[in-house]
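To start, the structure under review is shown below, and the notes come after it.
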Amino acid sequence: MGHRLRDGRGVRAPIADPLAFIRAETRLNPVPLVPEISLHVADEAVPLWQRTEEELGEMGLPPPFWAFAWAGGQALARHVLDHPETVAGRKVLDFASGSGLVGIAAMKAGAASVTCADIDPFARAAIGLNGEANGVTLTATEHDLIGTDAGWDTVLAGDIAYEKDLSARVFDWLLALSTRGATVLIGDPGRTYLPKDRLEHLAEYSVPVTRELEDMEIKRTSVWRPRGVSTIGLGR
């Protein structure tokens, strides 16, 4: 994708992959709600966002989801660690993975394997770095998995209800996976397009977040599951 990074002389030099950018722009810090896990995160959101646009030569890019521990992901990771039966010994998908936080939690809780899906190459690089930092192995994929089924036993998805049309597609797919028997868990801090009428509330957490990206410093964030599924192995 032609990512570029300024060298010490102020000259833009090409880099082979996003790893150098991530190492230069982030620090490894514990996750507030999940201190057992550390992530490469940015100190400030807006400057990193702007630098990402500069490096890619594009404007209007979405936030660098991979560089922050978002509320839905934190809640979902906490829930998985506290209820390892949701993933232990299972083939797990961490959908729209971002930093890989939820996938890391699943591996630490005993998952047999975890696939972290994200179309952003920066996210996939961050997933590898964060997995290594936490002593777990994750498989990152760039493929758009919506509508597919690779036989996952558990599907985890945090912070996915941002856009109306995309959310509709994602939730139709997640509910179909649940109907065929997969355990599906969703972490969400009250985003606009969360279809609550199709979901059942499972747990709630108070999650520390950055005011640059959220409207408050503590977000009440919930873990949900599709309605009408068994409570076995879901933390109840």
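The basis for the numbers below is simple: all heavy atoms, side chains too, and nothing from hydrogens, waters or symmetry mates.
- Looking at heavy atoms from C-beta onward, Leu129 lies out of side-chain contact with Thr26 at the 4.5 angstrom threshold.
- Contact record, Ala106 with Val92: CB-CG1, 4.2 Å, taken as the closest heavy-atom pair.
- A ring-ring contact (aromatic ring centres under 6.0 Å, His included) check over residues 126-145, counting only residues at least two apart or in different chains, returns nothing.
- The CD atom of Glu132 sits 9.5 Å away from the OG1 atom of Thr137 when rounded to the nearest 0.5 Å.
- With sequence neighbours excluded, no residue satisfies ring-ring contact (aromatic ring centres under 6.0 Å, His included) with Trp152.
- Taking CG of Asp153 as the reference point, atom OG1 of Thr183 lies at 8.0 Å (rounded to 0.5 Å).
- Using a 4.0 Å cut-off between a side-chain N of Lys or Arg and a carboxylate O of Asp or Glu, Arg227 and Glu200 do not qualify as a salt bridge.
- Considering only heavy atoms from C-beta on, Leu156 comes within 4.5 Å of Val87 through its side chain.
- When all heavy atoms are compared, the tightest approach of Ile127 to Ala140 is CG2-CB, 4.3 Å.
- Taking Arg198 as the reference, Asp172 meet the salt bridge (charged side-chain N to carboxylate O under 4.0 Å, His left out) condition, with sequence neighbours excluded.
- Every residue was checked against the ring-ring contact (aromatic ring centres under 6.0 Å, His included) condition with Tyr205, not counting sequence neighbours, and none meets it.
- Grouping the Ile, Leu, Val, Met, Phe, Trp and Tyr side chains by contacts below 4.5 angstrom, directly or via other members, places Leu28 apart from Trp66.
- Pairs engaging residues 71-82 under the salt bridge (charged side-chain N to carboxylate O under 4.0 Å, His left out) rule: Glu36-Arg78, Arg78-Asp82 [sequence neighbours left out].
- With sequence neighbours left out, the side-chain hydrogen bond (donor to acceptor under 3.5 Å, both in side chains) criterion links Ser99 to no other residue.
- Scanning for salt bridge (charged side-chain N to carboxylate O under 4.0 Å, His left out) contacts around Glu142 gives Arg124, with sequence neighbours left out.
- Taking Asn29 as the reference, nothing meets the side-chain hydrogen bond (donor to acceptor under 3.5 Å, both in side chains) condition, with sequence neighbours excluded.
- The stretch residues 169-190 participates, sequence neighbours left out, in these ring-ring contact (aromatic ring centres under 6.0 Å, His included) pairs: Phe95-Trp173.
- Here the closest non-hydrogen pair linking Val184 and Pro226 is O-CD, 3.4 Å.
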Inset, instruction - Walk me through it: do Ile104 and Leu39 pass the test side chain to side chain contact (heavy atoms under 4.5 Å, CB included)? - result: CA-CA 10 Å; Ile104 292 168; Leu39 298 177; 4.1 Å; yes
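- Once rounded to the nearest 0.5 Å, the distance linking CD1 of Ile186 with NE2 of His79 reads 12.0 Å.
- A side-chain donor-acceptor contact under 3.5 Å links Thr179 to the backbone of Leu175.
- Distance alone, capped at 3.5 Å, is enough to place a donor-acceptor pair between the Asp94 side chain and the Gly103 backbone.
- Considering only residues two or more places apart in sequence or on other chains, Glu204 meets the side-chain hydrogen bond (donor to acceptor under 3.5 Å, both in side chains) condition with Arg220.
- The closest side-chain heavy-atom distance from Asn130 to Leu101 is not below 4.5 Å.
- Judged by distance alone, the side chain of Asp159 and the main-chain N or O of Gly72 form a donor-acceptor pair under 3.5 Å.
- Tyr193 and Leu185 are not part of a single hydrophobic cluster, where members link through side-chain heavy atoms under 4.5 Å apart.
- Panel note: side chain His201, backbone Ala203; a donor-acceptor pair is recorded below 3.5 Å.
- Counting all heavy atoms, side chain and backbone alike, Ala96 lies closest to Ile160 at CB-CG2, 4.1 Å.
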Name each donor-acceptor pair under 3.5 Å that joins a side chain in residues 107-119 to protein atoms two or more places apart or in another chain, with its distance.
residue, atom, partner, partner atom, Å
Lys108, NZ, Asn134, O, 3.4
Asp118, OD1, Asp120, N, 3.0
Asp118, OD2, Gly98, N, 2.9

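- Residues Val31 and Val41 form no side-chain contact, since every pair of their non-hydrogen atoms from C-beta on lies 4.5 Å or further apart.
- By the side-chain contact (heavy atoms from CB on, under 4.5 Å) test, Asp188 is found to be paired with Ala161, Arg191, Leu194, Trp224, residues two or more places apart in sequence or in another chain being considered.
- You'll find the side chain of Val209 stays beyond 4.5 Å of the side chain of Thr221, heavy atoms only.
- Within the 3.5 Å criterion, the main-chain N or O of Phe65 finds a donor-acceptor partner in the side chain of Trp70.
- Of all the heavy atoms in Ala75 and Val207, the pair that sits closest is CB-CG2, 4.3 Å.
- The nearest pair of heavy atoms linking His40 to Ala133 is CE1-CB, 4.3 Å.
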Inset, instruction - Test side chain to side chain contact (heavy atoms under 4.5 Å, CB included) on Lys196 and Leu199 and set out the steps. - result: CA-CA 5 Å; Lys196 293 183 180 180; Leu199 302 173; 5.6 Å; no
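- In this structure, Gln74 contributes its side chain and Leu33 its backbone to a donor-acceptor pair below 3.5 Å.
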